[in-house]
Structures are given as C-alpha cells and as structure tokens.
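Contents: one structure, followed by commentary.
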Amino acid sequence: MIAFHNTLTSRQEPFAPLRPGEVGLYTCGPTVYDFPHIGNFRAYVFEDLLKRFLRASGFRVLHVMNITDVDDKTIRGAEAKGVPLDEYTAPYIEAFFEGIRALRIVPADHYPRATRFIPEMVEIIQGLLEKGYAYGKDGSVYFRIARFPEYGKLSKIRPEDLQATARVEARLEADEYEKDSPRDFALWKAAKPGEPAWDTAIGRGRPGWHIECSAMSTNLLGPAFDIHCGGVDNIFPHHENEIAQSEAFFGHPFVGTWLHCHHLIVDGEKMSKSKGNQYTLRDLVGGRGLDPAVLRYFLLSTHYRRVLNFTFEAIDQSASALRRLRDFVYELEHRSLPPGRTGEAEPIAAEAQAKFLEGLGDDLNVSAALTALFELVRAGHGLLMDEKLAADDAASLVASVYSMDEVLAVLPPRGEEPLPEDLRGKVEERERARKARDWPLADRLRRELLEAGVVLEDTKDGVRWKIRARTGSG
RNA sequence: GGCGCGGUACCCAAGUGGCUAAGGGAGAGGUCUGCAAAACCUCGAUUCGCCGGUUCGAGUCCGGCCCGCGCCUCCA
C-alpha cells in the first residue's frame, strides 16, 4: 500500500499510476543563475528518496527534471557580466550536477533546458491563442485566468482573494506590459533590446517562466503523467499556472499527484543572502569538509512536509546516527564468525525490511523507515553480543541493510576504504608499541591518528581502523 | 487579510481513539578494555502549547485561545 499526500486534494490518497508499473515523474529543477544552496538540494534529495522508494517498490520511473536557463535572473546576470546566456549559466549547471553526484542523487532520464524547447512552447502558446485562453498584446502573449474557472484549485487561492503586498503593487505598477487583468500571466514576452530572443511563429521574444515546464513535461512524459514535485513556494503561482496552461491546452487533467516539500531554514530563520546564512553545497562540502553522506542523511531524515532546521548541532547528530549505522555494517563484515547459519537473523531482517517499506509507503514517513532500520541494528548487535550469529546470518543482515540503503543511499559503497601509507605506518608502529606495553607511545600515536580522522579500535581479533565522517562544524 | 505547516523528554523526531507514548543524538550508572573506542544492559516524558467539550477511554476527535514559521506573481 502506497499513499501520498496530494497537494491538489489536500489529502493522503492511494497511489496508482496511469500505466501499471510505470511512473512518470517531473521535478522542478534549478534556475541556473547562481550556485545551488542546500535548500535547493533538500528538494532534490526528497525527490530522490521518492524515486528510489518507487523503484524499490517495483515501479519503473521515467524522471524528467528541467533546467531553467532563460528567465529574468539569468538574463540580468549575463547582461551584467557581459557574456552570452549559455556562457553565464554553464558554471551553475556544472555546480548543480556536481551536487547531484556528491549527494548520490540518481540522475533523471532527461534534463531538458528551456532554451532547447522553444518550438514546443510556441506550439502550446499557439494552441492556447486559438482556443481563446490566451491573448496577444504588444508582441507578448498572456494567459487569461478568467477563462479557466478551475484556476486556484491547487493553491486554493482565488485570484480575487489575492492581497497585493507592497512588493506586488510596485511590480504591477512597474510592469510595462499591458494585461487585461493584473492576474493574467505571461506565456511569451516580446523581445527587448539586449535580451536574448527567438524568432517564432508568435513573434520575436522569449518564453515566460511557467510555459517551459508544461512544454517539457508533456513532451517527454506525455500529456498526462503521474507525479509532479517541487518546493512549496512553487505551488503558487508556478504550478497553478502550469495546470491552467496544460489543462486548457490538452483539455484533460495534467498531473495525478502533486508533492511539495517544505523549506529548509537555517538556525530557525529563513535562508537569505542578506542574512548571510545561505550555504551552498560547495561551502559545506568543499569549504568545511562536511561528508556529503552526512548532509544527505540530514536532509533525508526529516519528513518532506515539515520545515527542516539546519544547524551544525543537527548535522552532528546526523553524523552520529550515521556512524552507528556504518559501524554496525563494519562490525558484521569484520568480525570473525563461525561458518554456517543459526537462523536467528532471518526474521529480524525480514521484519525490518517490511516495516521500512511500509513506513515509506505512508507518505514517505522516513522516521518510521529509519526506526525499522535502527531496530535491526540493535537486534543485530544483540545477537552478535550473545554469539548467536554465524557468518551467513551476518551476511543476510548486511544484505538487508544494503537493500534499505538502495533507498537511503547513505552508506559508503561496499569495499575497503584505503588508508594512506603514512597513516598505515603509524597504525603498525602503535601495534609494536602496544606489544611492548609502551602505553604512552601507543596512546600518543592513537591521538595523532585521531587528529588525522582515523579512529582505532582494539578488538580481540586485533586492531582495526575507521575513517571518521566529517561534520564540517569544526 | 487569504492559503498552509508546526508546538511531543536536554536536542532532533514518529505516533491521528485503546497494549508499558517509536527511533536517533546528548547525558548518568554498569559490563568489556592496559587505557580507550565501539557494542551491550540499566536509568530518563504519570505526560504530549493552554482551556473547555465529546467519549467507557484523547497526544490523537470537536470548539476556543496562545506561540513559532512559510507562501501570497518568476525563491526548492
């Protein structure tokens, strides 16, 4: 049983894709005008959890994520730097993919770029003009909200209820385009001097923001598809407008399930450049040496419809939880155990996996899933302690943990981490000191290794080492 | 003003009518250890923002109130 909380209906409802066994997934991607921050990646990690869970549940997922490479911000940025649009956006696109790799996000099947889908957008705009949902004015084209009675069904906002804030007032006044209603939105913007523009059947200009997602999603996933994700801030107006355009054009429902993840805040406050609390992935991973797996665990471990508060204390807690998980696997893989199997592990592994998937099936309740995983860890340690585990039992526990990690993707890839030569020498030197019962020297060497991020553990099978995950908090 | 999210132990965070209120982190005591580390055992909310109500029974439903936060035209 899989159920998700659908923004469209404000209810949790059983999930059933249009085609059995196949899921069409569209997730709003980056606008590449700056380096992506960890709030952006919270959304991408949530979407990755969703996708990995759907795959683990036996669905084939066709995933499309757009890259918005033409909009007011990218145009302004390119202009300010005096470089072509593509050249301006390139490093940000690169940084985005760097983050995708670092956080072990399964790549989408397609990453369409707005600038490469102009003809597809024009086709929809033409159709909307023909059907009377859109009107042209001074070379621009606008969507007439009044023609679409269901407008507001996603955000539950009625256009007439919108209170114009000071910011909006200013912008409406400053708007040099003539619109029949201030709530109508641009499908196509007439070319302006110095701005990138395309020559098309509806004139020379560039697309509005919302139309790209309608064009790219329906071209790559079909005119109706299963799941559309994004941040809550996209509900209005972006996704509301997407629905209006797409359903007006195609004449049938557009997306079955809308899932929106809440924001990440920092130290209890909204992240913003002016507050100086906006972290990019590069700041944390490159700059502070934070282990990306720790960040992934942190981003993952709070339910997607809750505000997530980023603090370095929370990161430390995530690092500790992850360390417990990694140590458990390490223990099972490195302890010398009798051959064969006692059968004690099987029911524990089976129950954990069942509860894990059941938890995620309940609107991606990751807390329930993690509880199942950690219950396996505790029970497994208990069996190890009581010597009720043989080699094959340990192997099935490890396999079970790794099967859950197919969804979580927080464990290191299987296999030994190499230890640099000089550190390995120190480990051996300390072993000699211990054999000679030279405790001061042995302890000093252990301290030095600890400072280098290597933890030593003396077991009855001999010394062994682990590399400590870094948390970036110093 | 509209729409929405949340207030559960020192921290993070599940739980939406009924066994002893998950799980993680931190802490205290113990076992093990040359000392550690890891692990294990034990301890830790008579109580779920506040006040009423419904019910045999409520953190969970209803009403009211208080507090924090997000969005409201191009921010995930």
Side-chain angles (χ1 to χ4, degrees), chain A residues 7 10 27-31 33-34 36-47 68 71-73 152 155-165 167-168 171-172 175 182-186 208-210 229-238 240-241 260-265 268-273 297-298 301-303 305-309 311 313-314 316-325 327-328 330-331 355 359 362 365-375 377-378 380-382 384-386 434 437 439-440 442-443 446-447 450 455-460 464 466:
Chain A
T7 307
S10 301
T27 60
C28 275
T31 300
Y33 68 100
D34 200 355
H37 55 68
I38 51 174
N40 300 119
F41 284 110
R42 186 209 183 174
Y44 308 150
V45 166
F46 142 65
E47 289 150 2
T68 301
D71 80 318
D72 291 355
K73 285 181 189 161
S155 58
K156 320 291 184 284
I157 289 173
R158 291 172 303 173
E160 62 272 25
D161 280 349
L162 282 174
Q163 181 185 329
T165 60
R167 194 169 117 226
V168 176
R171 126 171 244 115
L172 289 176
D175 207 336
R183 309 301 176 203
D184 290 348
F185 60 89
W209 176 38
H210 317 295
C229 300
V232 282
D233 54 303
N234 279 154
I235 295 173
F236 188 86
H238 185 50
E240 195 66 63
N241 291 352
H260 292 96
C261 89
H262 275 253
H263 279 179
L264 176 149
I265 58 177
E269 288 187 312
K270 183 183 168 158
M271 203 168 34
S272 71
K273 274 189 186 155
Y297 183 92
F298 168 74
S301 55
T302 291
H303 184 80
R305 282 194 295 114
R306 266 182 84 118
V307 173
L308 175 60
N309 189 17
T311 62
E313 191 193 349
D316 285 341
Q317 293 188 1
S318 289
S320 297
L322 192 51
R323 184 158 53 235
R324 179 168 162 81
L325 197 57
D327 283 354
F328 175 63
Y330 187 91
E331 192 68 41
K355 283 173 79 175
D362 179 17
N365 185 339
V366 71
S367 298
L370 289 173
T371 294
L373 177 56
F374 279 102
E375 278 172 350
V377 171
R378 173 175 292 273
H381 274 310
L384 215 45
M385 205 70 175
D386 299 343
R434 282 188 73 224
R437 308 184 81 78
W439 308 127
D443 288 351
R446 180 166 56 197
R447 242 187 342 267
L450 186 61
V455 183
L456 292 186
E457 295 181 357
D458 300 321
T459 73
K460 55 174 182 284
R464 64 191 194 190
K466 295 171 182 167

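Treat the numbers as computed from the prediction; the structure is a model and nothing was measured. Throughout, a chain's letter reflects where its sequence line sits, starting with A, and its residues are numbered from 1.
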With the side chain defined as heavy atoms from C-beta on, His262(A) is closest, among rC35(B), rA76(B), rC5(B), to rC5(B)

Query raised in the report: Checking all strands, does Ile265(A) fall into the base, sugar-phosphate, or nothing category for heavy-atom contacts under 4.0 angstrom?
Result: nothing

One should report the stems of RNA chain B, each a stretch of at least three consecutive Watson-Crick or G-U pairs at distances under 3.5 Å, as B:1-7 with B:66-72, B:10-12 with B:23-25, B:27-31 with B:39-43, B:49-53 with B:61-65

Practice prompt. Give one of base, sugar-phosphate or nothing for Arg446(A), where a contact means two heavy atoms less than 4.0 Å apart.
Written response: base

Checking rA36(B), rC3(B), rA39(B) against the side chain of Lys156(A) (C-beta onward), the nearest is rC3(B)

To the nearest angstrom, the CE-P distance between Met385(A) and rC40(B) comes to 8 Å

Ala43(A) has its side chain closest, among rA39(B), rC35(B), rA76(B), to rA76(B)

Taking rA37(B), rG34(B), rC71(B) as options, the one with an atom nearest any side-chain atom of Val455(A) is rA37(B)

**Prompt:** Angle class for the His238(A)/Trp209(A) ring planes (parallel below 30°, perpendicular above 60°, tilted otherwise)?
**Reply:** parallel

Legend entry - rU73(B) to rU60(B) separation - C1' atoms, rounded to the nearest Å: 39 Å

If you look at every strand shown and take non-hydrogen atoms under 4.0 Å, does His37(A) touch a base, only sugar-phosphate, or nothing? base

Q.
Walk me through whether His262(A) and Arg305(A) qualify under side-chain contact (heavy atoms from CB on, under 4.5 Å).
A. CA-CA 5 Å; His262(A) 275 253; Arg305(A) 282 194 295 114; 4.2 Å; yes

From CG of Asn365(A) across to P of rA13(B) the rounded distance in Å is 13 Å

Of the listed rA36(B), rA76(B), rG70(B), the closest approach to the Thr31(A) side chain comes from rA76(B)

| Contact class for Gly230(A) vs. all strands (heavy atom < 4.0 Å): base, sugar-phosphate, or nothing? | sugar-phosphate

When rounded to whole Å, the CZ to P distance for the pair Phe236(A) and rG70(B) reads 19 Å

Out of rU73(B), rA76(B), rG34(B), minimum distance to the side chain of Arg183(A) belongs to rU73(B)

If you measure from the C1' atom in rU8(B) to the same atom in rA58(B), how many Å do you get, rounded?
14 Å

Please step through side-chain contact (heavy atoms from CB on, under 4.5 Å) for the pair Val455(A) and Arg323(A), ending with a clear verdict. CA-CA 12 Å; Val455(A) 183; Arg323(A) 184 158 53 235; over 6 Å; no

Residues passing the salt bridge (charged side-chain N to carboxylate O under 4.0 Å, His left out) test with Glu457(A), sequence neighbours excluded, are Arg464(A), Lys466(A)

- Considering only atom C1', compute the distance from rG7(B) to rU16(B) and round it to an integer number of Å. 16 Å

Residue set satisfying salt bridge (charged side-chain N to carboxylate O under 4.0 Å, His left out) with Asp362(A), at least two apart, ordered chain then number -> none

### Task
Look only at the side chain of His263(A) and the backbone of Ile265(A), and say whether a donor-acceptor pair between them is shorter than 3.5 Å.
no

### Query
Rounding to the closest angstrom, what is the interatomic distance between rC67(B) and rG17(B) at atom P?
30 Å

Q. Looking for any heavy atom pair under 4.0 Å, which part of the strands does Asp458(A) touch: base, sugar-phosphate only, or nothing?
A. base

Could you write out each protein N or O paired with an N or O of nucleotides 21-24 of chain B at a distance under 3.5 Å?
| unit_1 | atom_1 | unit_2 | atom_2 | d |
| --- | --- | --- | --- | --- |
| rA22(B) | N3 | Thr371(A) | OG1 | 2.7 |
| rG23(B) | O4' | Thr371(A) | OG1 | 3.2 |
| rG24(B) | N2 | Gln317(A) | OE1 | 2.8 |

Aromatic-base stack, Phe41(A) on rA76(B), cutoff 5.5 Å, angle under 30:
no

Between the NE2 atom in His210(A) and the CG atom in Asn234(A), the distance rounded to the nearest 0.5 Å is 10.0 Å

Between the NZ atom in Lys355(A) and the CG atom in Leu370(A), the distance rounded to the nearest 0.5 Å is 12.5 Å

- Kindly say if Lys73(A) contacts the phosphate of rC75(B), meaning a side-chain N or O under 4.0 Å from OP1 or OP2. yes

Phe328(A) CZ to rC40(B) C1', in whole Å, measures 13 Å

For Arg42(A), the salt bridge (charged side-chain N to carboxylate O under 4.0 Å, His left out) test, sequence neighbours excluded, returns none

By nearest-heavy-atom nucleotide on RNA chain B, the more 5' of Leu308(A) and Ala442(A) is Leu308(A)

Requested in this report: Tell me what His381(A) touches on the nucleic acid: a base, only sugar-phosphate, or nothing, going by heavy atoms under 4.0 Å.
Outcome: sugar-phosphate

Is the shortest side-chain N/O distance from Arg306(A) to OP1 or OP2 of rA14(B) below 4.0 Å?
yes

Using the P atom as the point on both nucleotides, what is the distance between rA39(B) and rC51(B), in whole Å? 41 Å

Original post:
Expressed as a whole number of Å, how far does the C1' atom of rG25(B) sit from that of rA14(B)?
Top reply: 15 Å

Rounding to 0.5 Å, atoms CG (Leu264(A)) and CZ (Phe298(A)) come to a distance of 5.5 Å

Can you tell me, in whole Å, how much space there is between the P of rU46(B) and that of rG30(B)?
26 Å

- request: Would you mind classifying the nucleic acid contact of Thr459(A) as base, sugar-phosphate or nothing, using non-hydrogen atoms under 4.0 angstrom?
  value: nothing

| said: Is there a side-chain contact between Asn234(A) and the phosphate of rC75(B), meaning an N or O under 4.0 Å from OP1 or OP2? | reply: no

> Is Asp443(A) side chain donor-acceptor paired with the rG34(B) base, going by distance under 3.5 Å alone?
Replying inline: yes

Between CZ of Arg305(A) and P of rA13(B) the distance, given in whole Å, is 15 Å

Result for 5'-nearest mapping on RNA chain B, choosing between Trp209(A) and Trp439(A), is Trp439(A)

Interatomic distance, NZ@Lys156(A) vs OG1@Thr7(A), rounded to 0.5 Å, equals 7.5 Å

### Query
If you measure from the Lys or Arg side-chain nitrogens to the Asp or Glu carboxylate oxygens, is any gap between Arg324(A) and Asp327(A) under 4.0 Å?
no

What interatomic distance, in whole Å, is found between C1' of rU33(B) and the corresponding atom of rG59(B)?
-> 44 Å

Across the strands shown, which category fits Leu264(A) at heavy-atom distances under 4.0 angstrom: base, sugar-phosphate, nothing?
-> base

Ranking rC71(B), rA76(B), rA38(B) by distance to the side chain of Lys270(A), first place goes to rC71(B)

Taken in chain and number order and not counting sequence neighbours, the residues that satisfy salt bridge (charged side-chain N to carboxylate O under 4.0 Å, His left out) with Asp34(A) are Lys273(A)

